[in-house]
Undergrad: 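Take a look at this one; I'll ask things after.
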Amino acid sequence: MLGGRNESDGSSKRASASKRQAAVDRDRFEEVALPHLDSVYRLARSLTRSEAEAHDLVQETYIRAYRAFAGFELREYGPKPWLFRILYNAFYTLKGRQKRQPALLDDVDFDQFAHGSGDREEVDLASGAFGALNWEQIDDKIKSALERLQPEYRAVLLLWSLEDLSYKEIAEVCDCALGTVMSRLFRARRILARELVEYARERRWPTKRCD
Amino acid sequence: MDSPNRDDLLDRYADGELDAEEHAADVEEIEADPDQMAYVHGVRHLKNSLSAHWSGETAPSNAGPTVRATLDAIDQELGEAHGPPSPTTRSLWAGPVLALAAGLALAFGVWQWWPAPQKQKIQLVSIAANRVSTATDAHQEIVSAYAAYGSKKLPDALLASSREDARRVLSDNLGLPIQAPDLTGAGFGFLGFRQCMVERMPAAQLVYRHEKSGVLLSLFTASKLHHLGPTSRVGGVREVFFAEPDGMTTLAWNANGATYLACAALPRSEVLSALGMANAVVRTAGLYRAAQRLAKIVTPPVPEYDVHGNVPFAAPTRLEGRSTSAAREPARPLPVRQWINLLSRAMIMGYSARASLAAGTIASA
């Protein structure tokens with residue numbers, strides 16, 4: 001009888017400790033992960049282009065993150081890239097892609113984005129037209145140009161610009177090689193650059209020289 | 001710009017990722033070239049513009065409550081072992097959620113037609129999704145549902161000249177005080193109703209049609225399907241499950257001792273808005289993947305219809321895994337399983353909605 005009571009007491013204490021630990025984990029998770037909800041949503045929106053799908057993807061991300069939280073350590077990149085990476089994986093899982101296919105991205109026909117040839121790009125960059133754009137007037141054009149980008153390119157642009165992640169951090173998030181990140185980023189920027197320069201030319205906007 | 005490497009160096013320089021010591025000569029050349037520096041400035045302007053563009057985008061107001069509700073569900077899933085979230089945890093979000101709920105209270109007035117309240121346990125979408133045993137099982141259940149529909153348990157097609165008819169007939173037959181909500185504010189006129197069988201139990205289907213677009217919206221309610229949807233209100237805000245089999249938005253929730261579903265071939269946000277539930281907490285995690293998988297497997301979902309607008313059976317040849325010989329034989333009613341998991345049940349009702357709408361049971365009668 002005595003032994004049984006001890007076992008029961010021990011079990012009760014363990015259950016109680018488990019509850020306390022769970023509450024601590026939950027609090028800690030909310031403290032670490034929820035402040036990044038806007039950022040997570042933006043990336044989800046950027047990848048899915050759909051508000052409803054982004055909503056679902058955010059939920060899936062936080063579920064996965066919560067379940068994996070016990071094994072999470074605040075490594076050198078912090079919780080945000082960790083959440084981004086989970087989101088990225090969730091996105092591809094939900095889309096039924098078992099394996100990422102960066103090679104396909106490299107095969108994207110960029111002519112659909114550009115109005116001219118590859119030579120045109122060289123002209124724009126070499127002439128400094130991109131740097132001389134009147135950026136205050138071009139915000140709307142950026143929005144429409146972004147909408148036409150492939151999700152993976154848009155996501156890399158977002159991580160680079162708003163989140164200010166380094167190439168290495170973006171590679172961590174996207175689980176791809178550094179070179180792939182650079183390739184996606186540079187090409188995405190050039191696509192935008194071409195569109196913006198073209199847009200300014202069509203409207204004969206005056207340009208201003210940079211310092 | 002005379003080689004791809006040159007471009008890479010320029011981009012890396014613009015991003016501050018070029019090692020100045022390692023590439024001292026390159027840096028010097030870039031900084032001495034006005035055109036290259038113009039490009040560098042352009043990249044930095046672009047970065048600022050993109051940042052400004054995206055920083056204005058924030059998560060919807062219900063995203064936080066939704067995530068927390070989902071975490072609650074996980075906590076519960078992890079077991080009574082972990083117990084409910086601690087008071088400290090709840091206090092972190094109870095305030096904002098209650099504030100949100102207060103602002104939404106009027107939006108839910110439309111649901112006052114639900115039967116008398118009863119306490120229900122929160123159902124866990126994540127668990128339910130995990131319990132979707134196999135796609136084949138769900139597939140079988142859908143076929144079974146059609147079979148049950150096509151037999152002597154054909155739905156009683158009824159028409160209503162008014163919502164009062166629906167209230168009287170359905171309330172008597174189902175033993176629930178049912179009223180068809182008024183959705184005219186969302187542009188949906190009441191078209192009619194019918195009584196159907198779901199899991200061998202009577203259920204009510206209320207059908208609305210959008211006055212301009214003609215899109216049909218179907219509401220189901222049944223009295224004994226408590227376990228289908230979430231019953232909770234997060235600080236008074238309704239929680240709903242969502243699945244989208246074959247493009248048919250299907251929302252499910254429990255309230256007041258009954259189960260409710262809304263089905264329409266419309267985006268989820270539009271269905272929620274029409275129901276005055278625009279800010280409902282939508283629980284989709286886990287379901288989403290399963291729904292997508294199942295939606296692929298059971299295509300095409302629309303079966304053949306007979307002249308009476310009834311739904312006899314799904315066409316077996318069009319369903320994966322069915323023998324071709326079955327296609328030539330009249331389908332036999334299959335037993336509807338006593339246990340039907342959350343998702344397949346939602347799909348059954350979703351497809352029932354689709355079937356009845358496609359058959360024009362009400363519209364053409």
Side-chain angles (χ1 to χ4, degrees), chain A residues 15 18-24 26-27 29-30 34 37-38 40-42 45-46 51-52 55-60 62-63 66-67 93-94 96 122 125-133 135 138-139 142-143 146 157-158 160-162 164 166-167 182 185-186 189-190 192-193 196 209-211, chain B residues 1 7-8 10-12 15 17 34-43 45-55 57-60 62-64 66-68 70-71 74-75 78 81-83 85-89 92-93 126 242 267-269 282-289 292-293 296:
Chain A
S18 176
K19 282 183 182 178
R20 281 197 302 274
Q21 185 57 45
V24 168
R26 171 69 180 268
D27 286 350
F29 178 76
E30 291 201 9
L34 282 186
L37 187 59
D38 282 344
V40 169
Y41 175 78
R42 275 191 289 261
R45 183 80 173 75
S46 182
E51 196 172 311
H55 186 103
D56 300 346
L57 187 54
V58 167
Q59 270 197 77
E60 185 72 23
Y62 275 91
I63 282 180
Y66 190 43
R67 286 182 169 148
T93 304
L94 294 176
E122 296 300 319
L125 300 182
S127 69
F130 176 54
L133 282 172
W135 290 90
I138 218 150
D139 192 52
I142 284 181
K143 187 176 179 183
L146 281 173
L157 280 174
L158 185 146
W160 162 72
S161 61
L162 181 63
D164 203 23
S166 67
Y167 296 165
M182 292 164 64
L185 180 59
F186 299 168
R189 287 201 304 225
R190 279 171 168 72
L192 286 181
L196 298 177
R209 293 300 300 182
C210 298
D211 297 332
Chain B
M1 298 297 172
D7 287 349
D8 286 355
L10 186 56
D11 278 302
R12 287 165 60 191
D15 291 333
E17 298 244 3
D35 284 339
Q36 292 193 52
M37 284 307 292
Y39 176 75
V40 169
H41 285 294
V43 167
H45 275 299
L46 179 64
K47 184 173 186 176
N48 291 337
S49 297
L50 290 173
S51 181
H53 168 73
W54 268 311
S55 62
E57 192 173 52
T58 56
N62 63 346
T66 297
V67 167
R68 287 185 171 107
T70 306
L71 297 183
I74 293 175
D75 285 341
L78 291 177
H82 285 178
S86 68
T88 306
T89 304
L92 288 174
W93 55 275
S126 54
F242 162 72
R268 181 176 80 202
S269 58
V282 179
R283 302 250 295 269
T284 58
L287 264 181
Y288 183 84
R289 177 172 43 188
Q292 293 298 316
R293 187 178 70 239
K296 286 179 184 173

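Nothing here was measured: the structure is a model prediction, and the numbers come from that model. Letters A, B, ... mirror the listed sequences (proteins, then strands); counts begin at 1.
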Undergrad: Do you know which two heavy atoms are closest between Arg42(A) and Trp54(B), and how far apart they sit?
TA: CD-O, 3.0 Å
Undergrad: Measuring from atom CH2 of Trp160(A) to atom CG of Leu46(B), what distance do you get when rounded to the nearest 0.5 angstrom?
TA: 4.5 Å
Undergrad: Working to the nearest 0.5 Å, report the span between CZ of Phe186(A) and CZ of Arg12(B).
TA: 7.0 Å
Undergrad: How long is the gap from NZ on Lys47(B) to CG on Asp164(A), to the nearest 0.5 Å?
TA: 4.0 Å
Undergrad: Measuring from Ser51(B):OG to Leu157(A):CG, what's the distance to the nearest 0.5 Å?
TA: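 It is 12.0 Å, given to the nearest 0.5 Å.
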Undergrad: Would you call Val43(B) and Arg189(A) a side-chain contact if the rule is heavy atoms closer than 4.5 Å?
TA: yes
Undergrad: Hey, are the side chains of Glu51(A) and Arg268(B) touching, using non-hydrogen atoms and a 4.5 Å cut-off?
TA: no
Undergrad: How close do Asp38(A) and Ala59(B) get, heavy atom to heavy atom, and via which atoms?
TA: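 Nearest heavy atoms, Asp38(A) then Ala59(B): OD1-N, 2.9 Å.
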Undergrad: Side chain, backbone, both or neither: which part of Leu37(A) has a heavy atom under 4.5 Å from chain B?
TA: both
Undergrad: If you count heavy-atom pairs within less than 4.5 Å of chain A, which of Pro60(B), Ala63(B), Gly64(B) leads?
TA: Pro60(B)
Undergrad: Quick one: CG on Asp11(B) to CE on Met182(A), what's the gap to the nearest 0.5 Å?
TA: 8.0 Å
Undergrad: Which bit of Ser55(B) is near chain A, if near means a heavy-atom gap under 4.5 Å: side chain, backbone, both or neither?
TA: both
Undergrad: Enter the distance from Glu57(B):CD to Ser46(A):OG here, rounded to the nearest 0.5 Å.
TA: 8.0 Å
